[in-house]
Amino acid sequence: VQLQASGGGLVQAGGSLRLSCADSELNISQNIMGWFRQAPGQEREFVAAITWTGVRTYYGDSVKGLFTISRDTDKNIMYLQMNTLKSDDTATYYCARHNSGDIFTAGSYLYWGQGTLVTVSS
């Protein structure tokens with residue numbers, strides 16, 4: 001299993017970015033997929049998650065109404081549209097495939113991408 005995150009970069013506060021996460025294998029087990037982020041010196045934080053069908057989505061409190069998670073099951077790609085970015089959103093963003101347990105907890109995800117860095121300048 002290989003998850004490849006991309007789309008990070010430098011953006012000014014108030015701007016937008018869209019992250020992508022490509023899954024090298026068909027999501028046969030139809031797992032929930034999620035995004036986490038980690039700023040230097042901080043713990044990995046839940047950002048958003050989405051079910052296989054995309055019908056149900058979940059968001060961390062700090063990104064509700066600002067970020068939107070989606071997925072294209074035909075292309076096996078998950079997206080994170082990030083709007084109205086703030087300096088607090090600066091972090092490395094990771095995509096992951098859920099295994100079991102609490103979807104808001106990083107330990108419940110088994111496979112992880114390499115991360116893509118998002119830097120928001122004020």
Side-chain angles (χ1 to χ4, degrees):
V1 175
Q2 198 166 19
L3 302 177
Q4 183 76 29
S6 61
L10 175 64
V11 63
Q12 287 188 332
S16 299
L17 278 178
R18 188 176 79 157
L19 306 183
S20 299
C21 175
D23 192 340
S24 63
E25 298 184 1
L26 290 175
N27 200 342
I28 298 174
S29 59
Q30 302 183 356
N31 295 80
I32 290 172
M33 297 288 291
W35 288 98
F36 285 76
R37 66 186 182 186
Q38 189 167 20
Q42 297 187 21
E43 293 187 355
R44 198 161 291 193
E45 175 191 14
F46 173 79
V47 175
I50 187 168
T51 56
W52 168 254
T53 60
V55 171
R56 302 190 76 171
T57 57
Y58 308 85
Y59 294 95
D61 289 340
S62 61
V63 305
K64 282 180 182 175
L66 300 173
F67 292 8
T68 302
I69 189 171
S70 61
R71 68 192 300 177
D72 184 332
T73 53
D74 289 338
K75 296 180 179 179
N76 235 23
I77 298 177
M78 176 177 66
Y79 302 99
L80 184 68
Q81 177 66 43
M82 306 186 296
N83 297 328
T84 319
L85 285 161
K86 309 182 294 290
S87 57
D88 288 348
D89 296 316
T90 295
T92 298
Y93 285 71
Y94 299 90
C95 59
R97 182 184 293 179
H98 181 257
N99 185 38
S100 64
D102 181 3
I103 64 167
F104 303 101
T105 302
S108 300
Y109 292 74
L110 184 58
Y111 299 105
W112 292 82
Q114 85 290 359
T116 185
L117 178 62
V118 172
T119 303
V120 182
S121 63
S122 56

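The figures here come from the full heavy-atom set of this structure, side chains too, leaving out hydrogens, waters and symmetry mates.
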Report the distance from atom OH of Y59 to atom CD1 of I50, rounding to the nearest 0.5 Å. 7.0 Å

First locate atom CG of N83, then atom CZ of R18, and finally report the distance between them rounded to the nearest 0.5 Å. 11.5 Å

Among the clusters formed by ILVMFWY side chains lying less than 4.5 Å apart, do Y93 and Y111 turn up in the same one? yes

Mark yes or no for whether T119, through its side chain, and L10, through its backbone, hold a donor-acceptor pair below 3.5 Å. no

Report the C-alpha distance between F67 and T57 in whole Å, list the side-chain angles of each, state the deciding distance to 0.1 Å, and finish with yes or no for side-chain contact (heavy atoms from CB on, under 4.5 Å). CA-CA 11 Å; F67 292 8; T57 57; over 6 Å; no

Closest non-hydrogen atom pair, A49 against I103: CB-CD1, 4.4 Å

In sequence, state the C-alpha distance, the side-chain angles, and the governing distance for D72 and Y79, and then conclude on side-chain contact (heavy atoms from CB on, under 4.5 Å). CA-CA 8 Å; D72 184 332; Y79 302 99; 4.2 Å; yes

Are any side-chain N or O atoms of T51 and backbone N or O atoms of R56, one a donor and one an acceptor, separated by less than 3.5 Å? yes

Within 45° of the ring axis of Y94 and under 6.0 Å from its six-membered ring centre, is that where the NZ or CZ of R44 lies? yes

Hydrophobic clustering (ILVMFWY, side-chain heavy atoms < 4.5 Å, transitive) - are L117 and L3 grouped together? no

Under the 3.5 angstrom rule, does the side chain of Q114 hit a backbone N or O of A5 as a donor-acceptor pair? yes

Establish, from distance only, whether the side-chain atoms of S108 and D102 form a donor-acceptor pair under 3.5 Å. no

Nearest-0.5 Å distance that lies between atom SG in C21 and atom CD1 in I77: 9.0 Å

Interatomic distance, I32 atom CD1 to Y58 atom OH [nearest 0.5 angstrom]: 5.5 Å

Using side-chain contact (heavy atoms from CB on, under 4.5 Å), reason through M82 and T68 one step at a time and then give a plain yes or no. CA-CA 7 Å; M82 306 186 296; T68 302; over 6 Å; no

If only atom types and distance count, is the side chain of T105 paired as donor or acceptor with the main-chain N or O of G107 below 3.5 Å? no

Distance alone, cut at 3.5 Å: any donor-acceptor contact between the side chains of S62 and R37? yes

Criterion side-chain contact (heavy atoms from CB on, under 4.5 Å) on M78 and S70, from CA distance to verdict: CA-CA 6 Å; M78 176 177 66; S70 61; over 6 Å; no

Minimum-distance pair of heavy atoms, taken over all atoms of V47 and L80: CG1-CD2, 4.0 Å

Quick check against the 3.5 Å criterion: does S122 have a side-chain atom that pairs as donor or acceptor with the backbone of S87? no

Could you point out which residue of W35, W52, Y109 forms a ring-ring contact (aromatic ring centres under 6.0 Å, His included) with H98? Y109

Quick check with a 6.0 Å cut-off and a 45 degree axis cone: is R97 positioned over the face of W112's six-membered ring? no

Hey, what do you get for CG (L19) to OG1 (T116), rounding to the nearest 0.5 Å? 6.0 Å

